[in-house]
Every structure is written in C-alpha cells, then in structure tokens.
Amino acid sequence: EKFNEFIKEQLAAKLGASWEVKDFEDIMYGDYLTREDKEYQPVQSVKVVQDLLVEYLEEYNMDNTGSMMQLVFFDMAVFHLSRICRVLRQPRGNALLVGMGGSGRQSLVRLSAFIAEYELKTIAIVRGYGSNEFHEDLKEVLLSAGAKNKPTAFLLSDTQIVEESFLEDVNNILNAGEVPNLFAADETESIIGQVRPLVKAAGKLDTKDAILKHFVQLVRENLHVVLTMSPIGSAFRQRCLMFPSLVNCCTIDWFNAWPAEALYSVAHVKLAEKATDFGISEYVDPL
C-alpha cells in the first residue's frame, strides 16, 4: 500500500496525472497471448488470461500424462505466473520464488516453462543422493543449454538441497555460467566437438579456448535458474548471506498467503465438480 501511494504521488508530481491506485495496481503484461510472435503486450482482462491458461494446462497434461497438474487460475496465481513467464523470457533471467510450501510455486514454474517452450530440468532426490549425483544432473542441464543450444529452465527447491555445496554450484552458475572442474577431460573434448559447428556459424575463431568460452556464453543465454525457497527459519537468511548470487542474479517473487478470493476459487471448482455426487448442487454456484 505504501508503494502504491508513492507511485500515486510521483504520477501527480511528475506527470500531473491524477490516477487512483486501483488504476495501476493490477496492470499485467505478458507475451503468452500470442503463440507465434510472442509479442510482449498489456493484458486487458484477467478472464482472457484464465481461459488461455486453461488451454495451456490441457496441452501440458496431454504432453505429460505421468505428471499431470490440476490448477485453479485465480487472480493471484495469474499474476505470479505472468511474473515467472516474464523472468524466463528475459536475457539471463533467473528467479527466486519465496513462499510457503504448497503455495503452487513449482507448478507455476512448470507451466511457465511449457508456455515459453523451454525444456524443464530438475533433480530427483533418492537415497544416497549427494554431490556426485548432483554434478551429473548439472552436466545434463549445462549440456542442454550450451552444447544443444536449447532454452532450458532448471528448477531447484530448497527441499532438494541435501548438501549446502549444491548452492555453491548454483551460485557459480548464476554468477559465471559454469562450475569449475565439473567436466572431465574426455567430456570437455566431447563438448568442443558439439559446440564447434555453433562457433563456426557465429563467425568466431575455431580454437579450444574460443569454443569453451562460447559454450559458457550459450549456457548463460539459454539457462534460466528458478529457485523455490521458504522464508521460515534461519536457513533462507543464511543461504542468502553465504551465496549472494541468489539475490543479486535473481528476480525475487514473494508468494504471500493466498487471499480469501483464491481459497474461494479453489473450493468452488472442487465442490462444483462433485456437487452432484455430494448432493449439494443447490448450495454451489455453477461453474
């Protein structure tokens, strides 16, 4: 509210505009309204976006039958998804999503990456998962972005951080686009072979150093790191202090408690679907 009032004062002082807070607090932009040109433009109505997101979700579930998502696109969820989409589409855009577990952060990231047509990478924690296994997963992520030249989103949750060294590696990727000594000599030679055609197409020198430098550049341009963390406890504060790139190189999106409108929307959709089965049709508004 203080920020909105500050904007209102500046609009009046600098532009002579007598706008009310409600005129600009819900302004939203996105490039997901058009599928081909991906033009970044203002969103005229949340309702239009909600209908479009339902279509995207149906397509996502058709392509990912093993991990289908059931989402309700209330206003706050649409605003958060728009922010994530914007960050992913920005050059070297990385995101830090801060909020309580179960607030839908990871689901929105998965759908945002699908909308942007990015390849989504994450890790699966199993018994005995440690630094070596994490490094193998990181190699796959960096090869996707650098050697294969694919726009890639890497999703990492604080519940997946088994060892703090994971964040040191992520900090290096955010800051420099690489992890020191990650690849063995034979793997480096394989990378050189895969990236050489891309270097030639870019008109650069065909030397080992130039190729590896181009590989790192492709990683920085194609890879978008998305971290989801909870602010509860001291771990989040300590990690931000120890690994400054988590803040300096990421756009932070705070997931506050869902408003009453969000809770109503979820309850309404779930109850309306089962209204006949529960015999409560006369008490539930139609969808």
Side-chain angles (χ1 to χ4, degrees), residues 29-32 34-41 81-97 106 108-123 134-156 166-183 187-228 243-253:
Y29 284 76
D31 65 351
Y32 42 74
T34 54
R35 305 223 178 188
E36 299 299 329
D37 299 332
K38 294 290 184 182
E39 181 182 354
Y40 189 70
Q41 55 187 313
L81 186 135
S82 290
R83 295 183 189 122
I84 298 170
C85 285
R86 178 169 62 250
V87 173
L88 291 180
R89 297 286 293 180
Q90 286 177 346
R92 302 187 181 184
N94 305 293
L96 173 59
L97 312 183
Q106 296 189 45
L108 293 180
V109 172
R110 294 178 184 277
L111 185 59
S112 298
F114 177 78
I115 292 173
E117 299 180 355
Y118 288 0
E119 186 165 340
L120 181 69
K121 298 286 187 180
T122 187
I123 63 176
F134 184 64
H135 283 167
E136 292 301 318
D137 287 334
L138 278 186
K139 289 178 184 178
E140 183 180 347
V141 171
L142 297 183
L143 288 174
S144 173
K148 298 178 182 178
N149 198 21
K150 290 182 178 179
T152 305
F154 177 49
L155 173 62
L156 183 66
F166 291 9
L167 283 178
E168 184 176 354
D169 294 331
V170 172
N171 188 78
N172 286 327
I173 292 175
L174 290 171
N175 194 40
E178 60 182 337
V179 178
N181 304 317
L182 178 64
F183 294 100
E187 293 172 330
T188 301
E189 290 300 323
S190 175
I191 291 173
I192 292 174
Q194 295 179 64
V195 179
R196 177 171 279 116
L198 302 176
V199 171
K200 291 181 178 179
K204 296 183 178 180
L205 292 176
D206 187 6
T207 64
K208 181 177 180 179
D209 290 342
I211 293 174
L212 292 177
K213 186 175 181 180
H214 189 70
F215 171 75
V216 173
Q217 178 184 335
L218 289 176
V219 169
R220 300 197 72 184
E221 291 177 354
N222 287 327
L223 181 60
H224 302 268
V225 178
V226 183
L227 303 169
T228 63
F243 308 107
S245 291
L246 300 185
V247 175
N248 297 337
C249 300
C250 292
T251 299
I252 302 176
D253 185 12

*Asks:* Rounded to the nearest 0.5 Å, what separates atom CG in Asn94 from atom CD1 in Ile252?
*Replies:*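 Reported to 0.5 Å precision, the distance equals 12.0 Å.
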*Asks:* Measure the CG-NZ distance between Asn222 and Lys148 for me, rounded to the nearest 0.5 Å.
*Replies:* 13.0 Å
*Asks:* So how far is it from Arg92 CZ to Gln217 CD, rounded to the nearest 0.5 Å?
*Replies:*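 Answer rounded to 0.5 Å: 7.0 Å.
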*Asks:* Using modelled atom types and a 3.5 Å cut-off, is there a donor and acceptor pairing between side-chain atoms of Asn171 and backbone atoms of Ser245?
*Replies:*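 A pair under 3.5 Å: yes.
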*Asks:* Is there a side-chain contact between Lys121 and Asp137 in this structure, where contact means two heavy atoms from C-beta onward sitting under 4.5 Å apart?
*Replies:* no
*Asks:* Are Ser144 and Glu140 linked by a side-chain donor-acceptor pair shorter than 3.5 Å?
*Replies:*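 No, Glu140 and Ser144 have no side-chain donor paired with an acceptor closer than 3.5 Å.
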*Asks:* If you compare all heavy atoms of Leu182 against all heavy atoms of Lys139, which two are closest, and at what distance to 0.1 Å?
*Replies:* O-CE, 3.2 Å
*Asks:* So, taking the atom named OG1 in Thr228 and the one named CG in Asp253, what distance separates them when rounded to the nearest 0.5 Å?
*Replies:*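 Answer rounded to 0.5 Å: 12.0 Å.
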*Asks:* For Gln90, what residues pass the side-chain hydrogen bond (donor to acceptor under 3.5 Å, both in side chains) criterion, not counting sequence neighbours?
*Replies:*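 With sequence neighbours excluded, Gln90 shows a side-chain hydrogen bond (donor to acceptor under 3.5 Å, both in side chains) to no residue whatsoever.
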*Asks:* I need the Leu88 CG to Glu117 CD distance, nearest 0.5 Å.
*Replies:* 13.0 Å
*Asks:* Do Leu81 and Ile115 have side-chain heavy atoms sitting under 4.5 Å apart?
*Replies:*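 They are in contact (side-chain heavy atoms under 4.5 Å apart), so the answer is yes.
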*Asks:* Mind checking side-chain hydrogen bond (donor to acceptor under 3.5 Å, both in side chains) for Ser112 and listing every partner two or more places apart, or none if nothing turns up?
*Replies:*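 By the side-chain hydrogen bond (donor to acceptor under 3.5 Å, both in side chains) rule, Ser112 matches no residue at all.
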*Asks:* Check the pair Asn149, Leu198 against side chain to side chain contact (heavy atoms under 4.5 Å, CB included), reporting the backbone distance first and the verdict last.
*Replies:* CA-CA 9 Å; Asn149 198 21; Leu198 302 176; 4.1 Å; yes
*Asks:* How about CG on Asp206, more than 12 heavy atoms from neighbouring residues, nucleotides or ligands closer than 6.0 Å, or not?
*Replies:*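 It does: Asp206 CG has more than 12 such atoms within range.
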*Asks:* Any heavy-atom pair between the side chains of Arg89 and Lys38 that's under 4.5 Å?
*Replies:* yes
*Asks:* Going through the distances and angles, do Cys250 and Val225 end up as a side chain to side chain contact (heavy atoms under 4.5 Å, CB included)?
*Replies:* CA-CA 8 Å; Cys250 292; Val225 178; 5.8 Å; no
*Asks:* For the residue pair Leu218 and Gly146, what are the closest heavy atoms and their distance?
*Replies:*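 Heavy atoms only, the tightest pair is CD1-O, 3.2 Å.
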*Asks:* State, to 0.1 Å, how close Arg220 and Ala176 come at their nearest heavy-atom pair, and which atoms those are.
*Replies:* CD-O, 3.6 Å
*Asks:* For Tyr40, look at atom OH and say whether over 12 heavy atoms of other residues, nucleotides or ligands are found less than 6.0 Å away.
*Replies:*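 Counting neighbours around OH of Tyr40, more than 12 heavy atoms of other residues, nucleotides or ligands fall under 6.0 Å, so yes.
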*Asks:* Using 0.5 Å steps for rounding, measure from the CZ atom of Phe134 to the CG atom of Asp169.
*Replies:* 6.0 Å
*Asks:* Find out whether Glu178 and Val219 are in side-chain contact, i.e. whether some heavy atom of one side chain is under 4.5 Å from a heavy atom of the other.
*Replies:*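 Glu178 does not reach Val219 side chain to side chain.
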*Asks:* Which atom pair, heavy atoms only, marks the closest approach of Ala147 to Val195?
*Replies:* CA-CG2, 4.0 Å
*Asks:* Quick one: list whatever passes side-chain hydrogen bond (donor to acceptor under 3.5 Å, both in side chains) with Tyr118, sequence neighbours left out.
*Replies:*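 If we apply the side-chain hydrogen bond (donor to acceptor under 3.5 Å, both in side chains) test to Tyr118, skipping adjacent residues, there are no hits.
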*Asks:* Which residue is it: Leu142, Ile173, Leu227, Leu138? I am looking for the one with a side-chain contact (heavy atoms from CB on, under 4.5 Å) to Phe154.
*Replies:*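 When Leu142, Ile173, Leu227, Leu138 are each tested with Phe154, the side-chain contact (heavy atoms from CB on, under 4.5 Å) holds only for Leu138.
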*Asks:* Around atom NZ of Lys208, are there more than 12 heavy atoms from other residues, nucleotides or ligands closer than 6.0 Å?
*Replies:*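 Not more than 12 within 6.0 Å, no.
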